[in-house]
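Scroll down for the structure; my scribbles are underneath it.
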Amino acid sequence: MFAQIFRMQGRASALGVTLAAVAGFMVPIMAVQRAGFVNPSGWDIAEMLTMVESAGSLFPLLAIVLGLLLAVAAWSPDHRGQHVYALTLPIPRWHYVVLRFAAGTVLLIPVIAAVWVGGLVATDAATIPEGLRVYPGTIALRFGLAALVAYAAVFALAAGTKRTAAIIFGTLVGIILVQALLELAAIRVDVLRYTLLPLTDWPGPFEMLFGRWMLINV
Amino acid sequence: MCRVLLALLLVTGIAGPLGGQAAESREARLARLRARYAELQARAERQDSLAALRLLVRLDTLRAAGLTVLTDSAQAPVLGSALAAFEQQARAQLGALPLDLLRDARVIVRFGNAGPGWTRLITEDAQFLQIRGAVRGDDLARQLRHSLAVVLAARGGTALQQWAGADLRIFADPAILLEATYIELTTSPARPARACLGGDVPACAVALDLAPLTDPRGWYEPGSARAVVQRALRLQTNDPAVAPRYRACVEDADLTACQSLLQSFPVPRLSTRAAVTVLQRAAAMGGNQAYERFFADSTPPIRARLERAAGVPLDSLLGEWRAAVMAARPEPTRVPRRSQWTAVLWAAVFAVAAAGSTRWR
């Protein structure tokens, strides 16, 4: 059963996964080249590291896009077919969901591997000055975990009802609106700090997506 | 003195109505008295600030680590325990204190809001600490250590302030400063700093501004010079004084143009924070009397004072310092194990939430 579901999801998301893998391979190479670590004419290392950091912000974006793509691809056939196919299967619903989820998780692997290989190629071609280190493995691991969490979050949202999605998005928008209104009223209460920011800091779910993504660092 | 002036004011105020009352109108007398008051007030403000404050509050004088600490009498018991901790920490970190240098050095501690009497106390010779809110002994001791360091820097000579900064962070954690110094050394574009990183100890002296630059090639490699000029001046390409040389430097790789622009830049020495790590290393090598020797005489150059403090030649001191900086290299960046497990757990939570969805019910 898993093989069939994996084949179906793989076909649905093949193009997206391929494009994401190409992007994942190119981002480290672009980061290193743009920062000037390939054939350097001089060392303004603080500036070069700043450019590596700014290019590194593409990694979490790619993780989010990949997670979104795979989650949508996992559920779009069922949404189109009004879940008739799923309902006819002789397995419990939760089992079916787990198989879908696992198939999407496996499809993350090629992109994670592309990021890792791209990082290895990029840092191998670069001239790394004394005192700096390269982190292709760390970046790939972090990318993989970030993509996994992004995929799982969107997967759960897509598996839910429209009402659930509306509640979640409505809550997010409401919090932001409340903060805006408080600021307009010159009331110094940081609602975001107590509601949304804990999601982006450990042990929040989206910690992996934030912070500095440094392929080359001290 | 202030009391004399105020008494004079009173006498003048009383004497005025007794004589010439008929000849002078009330308004004119008031104007004259107001002017006289303003003049005396200005004189009072130029007097000893402590004498002015003593008219308003009762001050207690405490002593710790060579400093004279003044505070209002009601808060003296609160300050006393913090002073004991401060003195113990100062002696533990500095060893024998340069008491001659600290003579007459005052720290004025005010709890709560400072009124005009207190703010007049902020002079070049007095450090002023304003403590608002609840008092924490360790925080107070930290601020007192900072005040002691500032006094030492101020009295240690202009050369010391320029080299190690006016705040002289000798009480900062050496491990933290050394790690920051490692990062600074690694990311510096200056030739002496990169040579120091590579093991050239005499270059470390140049990078720390303890020795003059004698390398005819200058502070920067050609490529680094271009990069530094491009980063610093990229928003000034419309300035006619800069534009031609900028284009020659960045586009045509004309090193002479780059160096002429770099002459107006500050010397790319390592920061005052790095300088403090050298002083801390000299003190660690020189023993209990190291700081006392360093501050004993502020006229010799800094390198001679460091050698006297450490008890070894500068090259030996800088060799030890460089080894300490290399040992302070930050740990490699890793994804913490707890973050890895947390991410996997959250993915499982979302999967369970998806499996329990009511969508098909």
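The candidate with the highest count of non-hydrogen atom pairs below 4.5 Å against chain B, out of A:Y135, A:W94, A:W202, is A:W202. Ranked by heavy-atom pairs under 4.5 Å with chain B, the first of A:P92, A:P205, A:G144 is A:P205. Of the listed residues B:A343, B:A225, B:A253, the one with more heavy-atom pairs under 4.5 angstrom with chain A than any other is B:A343.
Side-chain atoms of A:V27 and A:V115, non-hydrogen and from C-beta on, never get closer than 4.5 Å to each other. The closest side-chain heavy-atom distance from B:R247 to B:D252 is not below 4.5 Å. For the pair A:L108/A:V17, no side-chain contact is recorded, criterion being any heavy-atom separation below 4.5 Å from C-beta on. The closest side-chain heavy-atom distance from A:V97 to A:F155 is below 4.5 Å. Side-chain contact check for A:T200 versus A:L209: every heavy-atom pair is 4.5 Å or farther apart.
The distance from atom CZ of A:F37 to atom CD1 of A:I128, rounded to the nearest 0.5 Å, is 6.0 Å. Note: B:R273 CZ to B:R169 CZ = 6.5 Å, rounded to the nearest 0.5 Å. The CG atom of A:L172 sits 6.0 Å away from the CG atom of A:L196 when rounded to the nearest 0.5 Å. In this structure, OG1 on B:T187 lies 9.0 Å from CG on A:D44, to the nearest 0.5 angstrom. Note that CG of A:L107 is 9.0 Å distant from CG of A:L66, once rounded to the nearest 0.5 Å.
Within 6.0 Å of atom CZ in B:R231, more than 12 heavy atoms from other residues, nucleotides or ligands are found, so the atom counts as buried in its surroundings. No more than 12 heavy-atom neighbours from other residues, nucleotides or ligands sit within 6.0 angstrom of CH2 on A:W116.
Of the residues listed (A:F2, A:Y151, A:Y96, A:F6), the one engaging A:F101 in a ring pair (Phe, Tyr, Trp, His ring centres under 6.0 Å) is A:Y151, and it is the only one.
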With a cut-off of 3.5 Å and sequence neighbours excluded, list every side-chain donor-acceptor pair involving residues 190-211 of chain B.
{"from": "B:R191", "atom 1": "NE", "to": "B:G218", "atom 2": "O", "distance (Å)": "3.0"}
{"from": "B:R191", "atom 1": "NH1", "to": "B:E221", "atom 2": "OE1", "distance (Å)": "3.3"}
{"from": "B:R191", "atom 1": "NH1", "to": "B:E221", "atom 2": "OE2", "distance (Å)": "3.2"}
{"from": "B:R191", "atom 1": "NH2", "to": "B:R217", "atom 2": "O", "distance (Å)": "3.0"}
{"from": "B:R191", "atom 1": "NH2", "to": "B:Y220", "atom 2": "O", "distance (Å)": "2.7"}
{"from": "B:R194", "atom 1": "NH1", "to": "B:T186", "atom 2": "O", "distance (Å)": "3.1"}
{"from": "B:R194", "atom 1": "NH1", "to": "B:S188", "atom 2": "O", "distance (Å)": "3.1"}
{"from": "B:D200", "atom 1": "OD1", "to": "B:A203", "atom 2": "N", "distance (Å)": "3.4"}

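Listed by sequence position, A:N217, A:V218 are the residues of residues 211-218 of chain A in contact with chain B, using a 4.5 angstrom heavy-atom cutoff. Near-neighbour residues of residues 329-342 of chain B relative to chain A, defined by a heavy atom under 4.5 Å from a heavy atom of that chain, comprise B:R329, B:P330, B:E331, B:P332, B:T333, B:R334, B:V335, B:R338, B:S339, B:Q340, B:T342. Among residues 45-61 of chain A, the residues having any heavy atom closer than 4.5 Å to a heavy atom of chain B are, in sequence order, A:I45, A:A46, A:E47, A:L49.
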The test is side-chain contact (heavy atoms from CB on, under 4.5 Å); show your working for A:V111 and A:F143 and say whether it passes.
CA-CA 9 Å; A:V111 185; A:F143 175 81; 3.8 Å; yes
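Of the atoms belonging to A:E207, it is side-chain heavy atoms, and not backbone ones, that fall under 4.5 Å from chain B.
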